[in-house]
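Scope of the values below: all heavy atoms of this structure, side chains included, with no hydrogens, waters or symmetry mates. Letters A, B, ... mirror the listed sequences (proteins, then strands); counts begin at 1.
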Protein chains: 2
Amino acid sequence: MAITPIHSSTALLDHLARISRAHTEASLEQVGLRPRQLVALTLLRETGPATQQSLASAISIDRTNLVGLLNELESEGLVARRRAEDDRRRHIVELTEAGASKLTAAEVALARAEAELLHGLDEQERQTLYSLLQRATAGHVVDCTAAMHERASACVEAAGDDPC
Amino acid sequence: MAITPIHSSTALLDHLARISRAHTEASLEQVGLRPRQLVALTLLRETGPATQQSLASAISIDRTNLVGLLNELESEGLVARRRAEDDRRRHIVELTEAGASKLTAAEVALARAEAELLHGLDEQERQTLYSLLQRATAGHVVDCTAAMHERASACVEAAGDDPC
DNA sequence: GTCAATCATTTGTGGTGCACAAACGAATTG
DNA sequence: CAATTCGTTTGTGCACCACAAATGATTGAC
């Protein structure tokens, strides 16, 4: 008989995300980012340049709310919008170098807050958690073919840009 | 040299919690609970009867917001408030049988939505995720001694109440 | 060349959840 | 008896969000 957990992760996810927000908000403020901006920059780094449609889908927000989010990030030079060459209706959004730096700085700033947040877990377990979260969220990214096309040509440029 | 993840879990936690909410809201609505209520009932089950102060701390919400939350849960018979015998200023909040049933029903209803949410993980990984989330959140529960005292006497009554 | 459809934008409304503040009454403590 | 604690009430404002309608630029089908 298959063992399935009778208790669901939903409430705990919600709860931990909320505790996380409380722990990390001061660090994020120091770096000058808000939670939603951090998520957007993180997903943009992971997915690579994307259309607004695919980015909205990846972040799971309404495209009208995405416009405002990108306006803020663009006005700070953290992302850039440019017209797709093959369809000028579309914008391709990409992380700028300033954005990548800011994201790295944010993660450095968050490290201590996150160590506190996850103090009940050891180092190995923290890495397991990150990996599981990454794979769970990766299962929900939707790529439009146009964005995939752009990514193919952007990959070469981005190859030397890995923040590791 | 210790390897520490350069990327933090904060953004992914936030993101997965948000996707989770989108996936599970229909199921929760069917059961007649809101996300915040689910979290409160879940933590109440895990911590046992608690003062409002310790519950607010466990859920990480302002005590003035907790009042409204408990009013809703109490009016539906899902929790009960009673005065602490040794300090009538305090209320002890506990899950009722109706509340425990509703929570179990909610988890059953959420099972499919959660399977979709976590389709990128296998069964073992889902259980690992649950365990890590539980231990990460457990590290943040603050118990007042009065609540602990109440729990000692409530434990015997609750022993036959485990929904497993 | 025209028209329908698409992409992004703008403007707007209303909602949830939340932090924070001030004030209050009941109850406890010293 | 006064200070403190616990919970409550009322209030404000913010971040984030879903949803709707309308618009202009652009593309694609015919």
Side-chain angles (χ1 to χ4, degrees), chain A residues 11 14-15 17-26 28-29 32-40 50-57 59-75 79-93 142 144-147 149-150, chain B residues 11 14-15 17-26 28-29 33-40 50-57 59-75 79-93 142 144-147 150:
Chain A
D14 212 7
H15 185 51
R18 190 188 143 59
I19 300 177
S20 170
R21 186 170 287 225
H23 269 70
T24 57
E25 81 178 319
L28 271 189
E29 221 169 301
L33 288 178
R34 295 200 321 281
R36 195 51 48 206
Q37 292 173 329
L38 177 72
V39 172
T51 63
Q52 291 191 198
Q53 265 193 346
S54 64
L55 190 56
S57 179
I59 308 178
S60 301
I61 73 175
D62 190 79
R63 64 184 192 281
T64 62
N65 296 326
L66 179 69
V67 172
L69 182 58
L70 290 183
N71 285 350
E72 294 165 1
L73 293 173
E74 192 177 35
S75 75
V79 303
R81 277 159 160 136
R82 57 179 169 80
R83 295 308 179 100
E85 285 177 22
D86 58 334
D87 187 336
R88 288 155 59 86
R89 291 175 295 181
R90 290 197 184 95
H91 286 140
I92 302 299
V93 184
V142 175
C144 296
T145 51
H149 181 64
E150 286 285 338
Chain B
D14 211 7
H15 185 49
R18 186 186 150 60
I19 300 177
S20 170
R21 187 171 286 226
H23 269 70
T24 57
E25 80 177 321
L28 271 188
E29 222 169 300
L33 288 178
R34 293 203 322 283
R36 194 49 50 205
Q37 292 173 329
L38 177 72
V39 172
T51 63
Q52 290 191 199
Q53 263 193 345
S54 65
L55 189 56
S57 179
I59 309 178
S60 301
I61 72 175
D62 190 80
R63 64 183 194 280
T64 62
N65 298 324
L66 179 68
V67 172
L69 182 57
L70 290 183
N71 284 350
E72 293 164 2
L73 294 174
E74 192 176 36
S75 75
V79 304
R81 276 158 160 138
R82 57 180 170 80
R83 294 309 180 101
E85 285 176 23
D86 57 335
D87 186 340
R88 289 153 59 85
R89 290 175 298 179
R90 289 197 185 96
H91 288 141
I92 304 297
V93 185
V142 174
C144 296
T145 53
E150 287 284 338

Would you mind reading off the distance between [X] atom [atom1] and [N] atom [atom2], rounded to a whole angstrom?
X: B:N65; N: D:dC14; atom1: CG; atom2: P; result: 16 Å
X: A:L69; N: C:dT9; atom1: CG; atom2: C1'; result: 15 Å
X: A:Q53; N: C:dT6; atom1: CD; atom2: P; result: 10 Å
X: A:H91; N: C:dT9; atom1: NE2; atom2: C1'; result: 9 Å
X: B:R36; N: C:dT16; atom1: CZ; atom2: P; result: 14 Å
X: B:R90; N: C:dT29; atom1: CZ; atom2: P; result: 8 Å
X: A:L55; N: C:dA8; atom1: CG; atom2: P; result: 10 Å
X: A:R63; N: C:dT6; atom1: CZ; atom2: P; result: 11 Å

With a 4.0 Å cutoff (strictly under), does any side-chain N or O of [X] reach OP1 or OP2 of [N]?
X: A:Q37; N: D:dA15; result: no
X: A:R81; N: C:dT9; result: yes
X: A:Q52; N: C:dT9; result: yes

Of the options [options], whose atoms approach the side-chain atoms of [X] most closely?
X: B:R89; options: D:dC6, C:dC18, D:dG7; result: D:dC6
X: B:N71; options: C:dA27, C:dC20, D:dT9; result: D:dT9
X: A:P35; options: C:dA27, D:dA18, D:dC16; result: D:dC16
X: A:V67; options: D:dA18, D:dC16, C:dT10; result: C:dT10

Study note, to complete from the structure: Heavy-atom nearest pair, A:A40 first then A:L69, reads CB-CD2, 4.0 Å

**Study point:** CZ (B:R88) with more than 12 external heavy atoms under 6.0 Å
**Key:** no

Check your understanding: Ignoring hydrogens and angles, does a donor from either the side chain of A:T64 or the base of D:dC19 sit under 3.5 Å from an acceptor on the other?
Key -> yes

Revision key, fill the gap. Comparing A:E72 with A:R88, nearest DNA chain D nucleotide closer to 5' gives the residue A:E72

Review point. Which sits closer to the 5' end of DNA chain D, B:L70 or A:R34, going by the nucleotide each is nearest to?
Key: B:L70

Check your understanding: Can you tell me how far CZ of B:R83 sits from CZ of B:R89, rounded to the nearest 0.5 angstrom?
Key -> 11.0 Å

Point to revise | Any donor-acceptor N or O pair under 3.5 Å, side chains B:Q52, B:R81 | key: yes

Check your understanding: At under 4.0 Å between heavy atoms, what does A:L66 touch on the DNA or RNA strands: base, sugar-phosphate, or nothing?
Key -> nothing

Study note, to complete from the structure: The residue, A:E25 or A:D87, whose nearest nucleotide of DNA chain C is more 5′ is A:D87

Exercise for review: Mark yes or no for whether A:H23, through its side chain, and A:I19, through its backbone, hold a donor-acceptor pair below 3.5 Å.
Suggested key: yes

